[in-house]
Every structure is written in C-alpha cells, then in structure tokens.
There are 2 protein chains.
Amino acid sequence: MAKGITRERIVAAALDLLNDKGMDALTVRALASRLGVGAPALYWHVRNKQELLDEMSTFVMRRVIQALSEIDPGAGWRDAMAAYARVLRSEYLKHRDGARIFSGTRFSDPSVVTAKDPWLESLTGAGFSLAEADDAIDLITAFVVGFVIEEQERNRPRDDDPERYSLEGRDEWLGEGADLVKAAGHLRDDGDQRFERQLGVVLDGLAARLR
Amino acid sequence: MAKGITRERIVAAALDLLNDKGMDALTVRALASRLGVGAPALYWHVRNKQELLDEMSTFVMRRVIQALSEIDPGAGWRDAMAAYARVLRSEYLKHRDGARIFSGTRFSDPSVVTAKDPWLESLTGAGFSLAEADDAIDLITAFVVGFVIEEQERNRPRDDDPERYSLEGRDEWLGEGADLVKAAGHLRDDGDQRFERQLGVVLDGLAARLR
DNA sequence: ACCTGAACACCGTTCAAGT
DNA sequence: ACCTGAACACCGTTCAAGT
C-alpha cells in the first residue's frame with residue numbers, strides 16, 4: 001500500500017526526512033521516494049515546495065498550541081508564561097534546526113494566531129495593560145527563538161573541526177588573552193539549566209512592570 | 001577592469017546580491033555574473049558555497065565588533081548592554097533576513113569570540129558573577145536575534161496575500177472571537193519603540209540579579 | 001596564478017499521457 | 001481523481017585547457 005498519499009502523510013514524511021538528513025537533503029525527489037511515489041505525484045497534493053514548508057511550520061505550531069491547551073491557565077501569569085516558554089522550546093527541539101526553520105513563519109492557519117487570546121487574558125487579568133501583555137508574549141517568544149537557535153547550532157553534528165567545540169581545543173583556538181571568555185566557557189553548564197536561569201531573568205523583568 | 005576578483009570583493013558582492021534579490025537568488029552563477037566572471041572562477045578564491053556563506057557571516061559579525069569597539073565602555077553595564085543590543089539589531093537589519101541568516105553561525109574568526117571579553121569585564125566589575133555575566137550576554141543576544149527575526153519576517157515584501165497584514169484584513173482573517181488579539185494588533189506600534197520597551201524589560205530582569 | 005568552456009549529477013516544476 | 005515518464009531550465013561543482 002504505497003498509495004493513499006495525502007497532504008498529512010506528506011508533511012509527516014517531510015518532518016521525518018528533515019530530522020534524518022537535514023534541510024539540504026529535504027528535496028522533493030527524496031521526499032517522494034520515501035513515500036514510494038514519483039516526484040511529480042506530490043504536486044497533485046501540494047502547490048509547490050514553499051507550500052510544503054508552510055504546512056510543516058503550521059503543523060509544528062499546531063502542536064505547540066495543542067500542548068499549551070493542556071496547561072492549567074489559572075496557575076498565575078508567571079507559571080503560565082514559563083510553561084509557554086518551555087513548551088515552545090521543547091517543540092522546536094524536536095526538529096533539527098527547528099527554531100531557525102520554524103520561527104517567524106507566516107501561518108496558513110488563523111487558529112495559530114487566535115490561540116494567543118487566553119494568554120492575553122491571563123496577563124491582563126494579572127494587572128498588565130494590553131500593550132504590556134502583548135509585549136510580554138512577544139518578548140518570551142523572541143527569547144526562546146534566539147536561545148534555541150543558538151542551542152541547536154551548538155549541538156549540530158559537525159563534520160569539520162570538532163575540536164573547536166571541546167574546551168581545550170577552544171582555548172587553543174582562541175589564542176592569547178580573552179581569559180574571561182575562556183573561564184566562562186569552562187563554567188558553561190547544561191542547556192536546560194541555562195534556559196531556566198535566563199527565563200527567570202526575563203520573568204523578573206516582566207514582574208518589575210507590575211509595580 | 002572586470003578582473004582582480006578577490007575574496008573580499010566576492011563577499012561584498014554576495015551581500016549586495018542578498019539584499020537585492022534575497023537568499024534564493026543568491027546563486028554562484030548570479031554572483032559570478034555580477035562580478036563579470038564565469039561561475040567556476042569563484043572556486044579559485046573560495047572552496048565552495050558554504051565557505052562563502054561563512055565568510056559573509058564573519059564579515060557581518062566583524063562589523064558588529066567594529067561598531068561595539070566605538071562604544072564608551074565606562075558608561076555602566078546597563079547602557080553598555082543596551083548599546084550592544086542596539087548595535088546587533090541595526091547590523092542585522094542592514095541585510096535582508098539578516099537575523100535568520102547570520103545568527104548562530106560558526107565563526108571562522110576567533111577575534112569575533114574574544115571580543116566578548118571586555119563586556120564580561122564590565123559586567124563582573126559591576127557586581128555580576130562570571131556565570132551571570134555570561135548568561136546576560138547570551139540572553140541579550142537571544143532576545144535580539146528572536147526579535148529581529150520576527151521583525152524582518154513581518155516587514156518582508158510579500159507577493160501573496162498582502163491584506164493579511166493590514167489591520168482590517170487581519171481582523172477579518174482571524175474570524176470570530178479573539179478580541180484581545182485584534183485589539184492588541186491595533187495597539188501595535190513602531191518596531192523601534194517595541195524593541196526599546198522589551199529591551200528595558202530584559203535589563204530590569206538583569207538588574208534584579210544585582211540585589 | 002587566475003580564469004574559461006564544457007560537462008556531470010542533481011534540483012524544482014510542468015505536462016501530456018496513463019489508469 | 002491520482003499518478004507516471006519524459007522533459008525543461010537551472011543549480012553547485014569539477015576539470016582539462018587556456019593565458
């Protein structure tokens with residue numbers, strides 16, 4: 001049963017292929033062969049490759065929305081925003097280069113945008129103005145996107161120059177001086193801990209707006 | 001004098017081409033023809049296209065470093081970090097999709113990394129621990145990257161569906177409900193102001209770490 | 001040392017033709 | 001309605017050959 005190709009199966013296979021081989025290997029031909037079909041067959045279900053990429057983005061964001069809808073919204077704004085940040089990060093982390101590829105994309109689905117509404121409600125209910133609440137969501141989003149882009153870049157399997165990301169190799173590569181940069185490199189801990197600390201800083205900044 | 005192709009001229013022309021036509025149109029052939037030369041000629045000066053992209057990233061980051069070196073470092077940590085954030089944003093904004101393309105890239109130049117040193121010194125001098133200082137720089141960087149990615153995506157010249165980004169068209173597209181999302185859309189102001197407000201929130205969060 | 005011309009394998013996309 | 005086979009214009013890259 002190689003047939004029965006559908007829009008959803010194409011998107012799912014595309015996300016699998018992205019994770020397996022990376023963005024450069026995500027070609028229409030490779031995707032089609034993974035689905036047991038010729039390349040032109042995909043053009044019956046999808047207008048072009050750009051529309052496929054848009055569908056992939058929408059799919060990822062729908063999973064974010066889904067995960068968010070399972071969060072208790074009455075937990076207070078700080079826990080709610082922290083939960084939003086963690087969900088967004090973990091969904092991006094599920095896909096190779098997820099943050100770079102799926103952030104800031106145009107959504108073909110209004111429900112992805114309207115899902116912001118309960119969060120605005122929670123924030124304004126806590127005492128933020130509507131403008132502050134909108135800023136808060138954008139700020140958390142921007143932080144997560146920027147953090148995970150850097151995180152996924154650092155963790156990317158690299159063919160060349162692997163010693164530049166080991167501590168000793170890095171110190172050598174940096175050359176003379178820059179002692180604080182080197183020392184900070186040695187202090188650097190787990191991605192989860194760094195994320196939680198930096199998220200805490202942002203939430204503290206938001207809390208300061210409530211005084 | 002079509003000849004005299006050099007590595008620097010190639011990178012400069014590539015950045016021009018990126019701004020003119022976008023990433024998809026940045027092909028080796030188009031770049032070569034812009035330099036008045038055949039496509040294979042570029043392979044004498046550059047190993048492959050990936051190396052060219054890396055050189056472009058390094059060039060952009062070198063300009064960030066250059067701009068940062070002209071900032072008064074004795075101005076206090078808060079002004080210094082704000083200046084860093086503004087410089088990073090304005091350099092990304094100089095190139096189409098600059099934040100998405102040039103963020104989180106591996107640098108072929110150690111001086112880009114060692115330039116962090118004076119900033120770590122300024123922050124630790126102000127009372128931050130080294131780990132906190134390192135977090136602070138990463139956090140500001142992540143915020144700027146995420147903010148500008150969204151900003152450049154929103155401002156991108158779009159062929160399709162232009163009314164989805166006008167306010168009336170957007171309200172219609174959103175459908176029933178989502179009143180807060182719509183109202184927030186109408187409140188939305190200039191990118192510069194939103195950037196300054198959100199940057200202020202992050203800096204407040206950092207300041208809270210000093211108590 | 002630096003560049004050209006021709007070629008290779010591959011890409012996204014179209015389209016007539018099959019079922 | 002859904003898919004194939006063949007084709008088109010284009011891509012990154014290589015390589016012998018020119019100067």
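Residue numbers start from 1 in every chain, and the chains themselves are labelled A, B, ... in the order their sequence lines are given, proteins ahead of strands. Every value quoted in this text rests on a predicted model; they were computed, and no experiment measured them.
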Which residues pass the ring pair (Phe, Tyr, Trp, His ring centres under 6.0 Å) test with B:His95, sequence neighbours left out?
B:Phe102
Would you say a side-chain N or O of B:His45 is under 4.0 Å from OP1 or OP2 of C:dC3?
yes
Just the dot-bracket of DNA chain D, please: which string comes out with Watson-Crick or G-U pairs under 3.5 Å, [ ] for crossing, | for another strand?
||.|||||...|||||.||
Residue pair A:Gln198, B:Asp135: steps toward the side chain to side chain donor-acceptor pair (under 3.5 Å) verdict:
CA-CA 7 Å; A:Gln198 296 183 27; B:Asp135 269 346; 3.2 Å; yes
Given atom CD1 of A:Ile5 and atom C1' of D:dT4, what is their separation to the nearest angstrom?
13 Å
Nucleic acid footprint by protein, nucleotides 7-19 of chain D - heavy-atom cut-off 4.0 Å, B for base, S for sugar-phosphate alone
B---BBBBB----
Among pairs that include at least one residue of residues 12-26 of chain B, which meet salt bridge (charged side-chain N to carboxylate O under 4.0 Å, His left out), considering only residues two or more places apart or in two chains?
B:Asp20-B:Arg34
According to side chain to side chain contact (heavy atoms under 4.5 Å, CB included), who are the partners of A:Thr27, at least two apart in sequence or on a separate chain?
A:Arg29, A:Ala30
Can you list the residues that meet the salt bridge (Lys or Arg N to Asp or Glu O under 4.0 Å) rule with B:Asp192, with sequence neighbours excluded?
B:Arg89
Sequence-distant partners of A:Tyr92, ring pair (Phe, Tyr, Trp, His ring centres under 6.0 Å), two or more places apart:
none
For B:Leu187, check side chain to side chain contact (heavy atoms under 4.5 Å, CB included) against everything at least two apart and list the hits.
A:Leu130, A:Ala131
Can you name the side chain to side chain contact (heavy atoms under 4.5 Å, CB included) partners of B:Thr114, sequence neighbours left out?
A:Leu174, A:Ala178, B:Ser111
